[in-house]
Amino acid sequence: MTELKSHYEKPAEMYDGLRLHQNENTDGCSPRVLEALARLTREQIGFYPPYSAVTEDAARYLGVSAERVALVNGLDEGIMGAAIAYLRPSAGSGVVPEAIVPEPAFEIFRFDTAVAGGRLVQVMPKPDFEFALDEVLAAITPATRLVFITNPNNPTGVPVPFDAIRTVAKRVPRNAIVFVDEAYAEFAGRSFIPELPAFPNVLVGRTFSKAFGLAAIRIGALVGAPEILDPIRYVVPVYSVNIGAVVALQAALSDLDYLNAYLRQVDESKALLYAACDRLKLKYWNSDANFVLVRIGDRVGEVIEAAQARGIFLRNRSSEPGCAGCLRMGTGVVEHTKRGIAVLEEALCAAQ
Ligand SMILES: Cc1ncc(COP(=O)(O)O)c(C=O)c1O
């Protein structure tokens, strides 16, 4: 067990440099999003927002019908909603609901489990972050209510085989769900969503923060059968998605050329970083996301500080299970990746 922090510590507010530490689209959103925001009227801002049209648009993009989509104020809100809906102990039952989290994982799962009053069951990583299927299955108990699986995973970028998700979904108790966090699915080019009709206890979480560059707008989606979505709808605040997010998402979804151009850059960026790591003899993991986990070793802290002094922010992931000595670097806009690599090389020399 790793020593658990009691709450999420937001990274410091660093905007005066190149942000390669939060997996954002460092190019920003489609220009159509700004145009849509500029077209908002005073009345639109004065009224509670309508959701039907944007939910239809999101459903079309995700390839499902609208009743299978719940828009949320960032996927973070969807994760919190799922934790409250499925992990809140019910009075008098004597059961403390359990959440299984295969590590290393997005830290929010741990904190939201604690906030909801559930019990965290961590499954420790296997070599090279191969999905620990047997260990996850062994962690399932009659009290299991949620299994969080991120595909591709953050912070590793490593994909989870669909077969593992299917097996877990078949083995959890009848009143449990498997939450597949697909925050980075666009980069992987595959999604569990087409499998959902066969696996009605699986909920997929998506965000428009990353590939679509809408992180500051806060918009995400939960996708699944109405029976498992409804308990979450009931605990998420009504009208939590604001009108800016509504029009921004519609505009972003109307510009898939912009998305695809970014996805191409991500592939090119990852190839550049892999080549640099090979040159520098650094261990890394092939990533299906828009970032790469790189093992620097004992000097990781110094390297990150040296990069920061040169205006490039990288994320230290050393304290995450299995990630000792590792940093995570965003690999989006090619020009930005080149700057990141140059600084990494310099910082490695400086830290020697
Ligand atoms: C795995 C994972 N899930 C969810 C989120 C949160 O997404 P959002 O910005 O939509 O809240 C992130 C953001 O870093 C993430 O990495």
Side-chain angles (χ1 to χ4, degrees), residues 8-11 14 19-26 28-29 33 54 58 61-62 69-84 99 101-113 115 129 131 146-160 165 178-188 191-192 203-223 232 236-237 240-242 244-246 248-249 252-253 259 266 285 287-293 313-317 320-321 323 326 328-332:
Y8 181 65
E9 281 163 21
K10 278 195 202 137
M14 302 189 298
R19 293 170 57 83
L20 299 183
H21 64 311
Q22 287 203 254
N23 307 343
E24 298 151 337
N25 180 338
T26 50
C29 62
V33 171
V54 66
Y61 168 70
L62 296 164
V69 175
L71 293 176
V72 281
N73 184 311
L75 183 48
D76 277 341
E77 184 182 67
I79 297 167
M80 178 61 92
I84 294 173
V101 176
E103 298 283 357
F106 185 46
E107 299 149 288
I108 296 286
F109 302 144
R110 295 178 209 151
F111 303 123
D112 289 359
T113 297
V115 167
F129 305 118
F131 188 75
L146 248 179
V147 182
F148 286 110
I149 297 177
T150 302
N151 192 23
N153 199 10
N154 175 14
T156 63
V158 171
V160 179
I165 300 174
V178 179
F179 189 112
V180 180
D181 182 325
E182 291 191 352
Y184 302 94
E186 279 84 1
F187 308 109
S191 167
F192 200 75
L203 191 69
V204 168
R206 299 287 289 252
T207 179
F208 301 96
S209 294
K210 310 293 181 179
F212 286 91
L214 295 179
I217 289 281
R218 314 302 303 130
I219 181 82
L222 298 178
V223 187
I232 303 176
V236 167
S240 70
V241 172
N242 71 62
V246 168
L249 179 56
L253 291 174
L259 167 76
V266 169
W285 287 267
S287 167
D288 267 8
N290 65 338
F291 55 80
V292 176
L293 188 72
F313 308 137
L314 306 170
R315 191 83 187 265
N316 194 339
R317 294 285 75 186
E320 294 303 304
C323 302
C326 290
R328 194 190 63 201
M329 177 170 141
T331 46

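Atoms within a ligand are numbered from 1 in the order they appear, just like the ligands themselves.
Closest to atom 6 (C) of ligand 1, if we only count protein heavy atoms, is Asp76 OD1, 3.4 Å.
Of the candidates Phe109, Phe148, Phe106, it is Phe106 that places a heavy atom closest to atom 4 (C) of ligand 1. Scanning Phe291, Tyr184, Phe208 for the heavy atom closest to atom 16 (O) of ligand 1 points to Tyr184. Around atom 8 (P) of ligand 1, the closest heavy atom drawn from Leu75, Ile219, Asp181 belongs to Leu75.
Short contacts between ligand 1 and Gly74, defined as distances under 4.0 Å to a heavy atom of the residue, involve ligand atoms 10 (O), 11 (O). Close approach of ligand 1 to Ser209 is summarised as follows: ligand atoms under 4.0 Å from at least one heavy atom of the residue are 8 (P), 9 (O), 10 (O).
You'll find the side chain of Ser209 reaches within 4.5 Å of the side chain of Arg218, heavy atoms only. Residues Val158 and Phe131 form no side-chain contact, since every pair of their non-hydrogen atoms from C-beta on lies 4.5 Å or further apart.
Between Arg110 and Glu320 a salt bridge is recorded (basic side-chain N to carboxylate O distance below 4.0 Å). Salt-bridge formation is detected for the pair Glu107/Arg317: a Lys NZ or Arg NE/NH1/NH2 atom is positioned less than 4.0 Å from an Asp or Glu carboxylate oxygen.
Ring-plane geometry between Phe179 and Phe148 is classed as tilted, the angle between the planes lying from 30 to 60 degrees on a 0 to 90 degree scale.
Residue contacts with ligand 1: Arg218 is included, with a non-hydrogen atom under 4.0 Å away. Heavy atoms of Thr150 approach ligand 1 to within less than 4.0 angstrom. At least one heavy atom of Lys210 lies less than 4.0 angstrom from ligand 1. In this structure, Ala183 has a heavy atom closer than 4.0 Å to ligand 1.
The shortest heavy-atom contact between Thr156 and Pro104 is CG2-CG, 3.7 Å.
Taking the six-membered ring for Trp and the full ring otherwise, the centers of Tyr184 and Phe291 sit less than 6.0 Å from each other.
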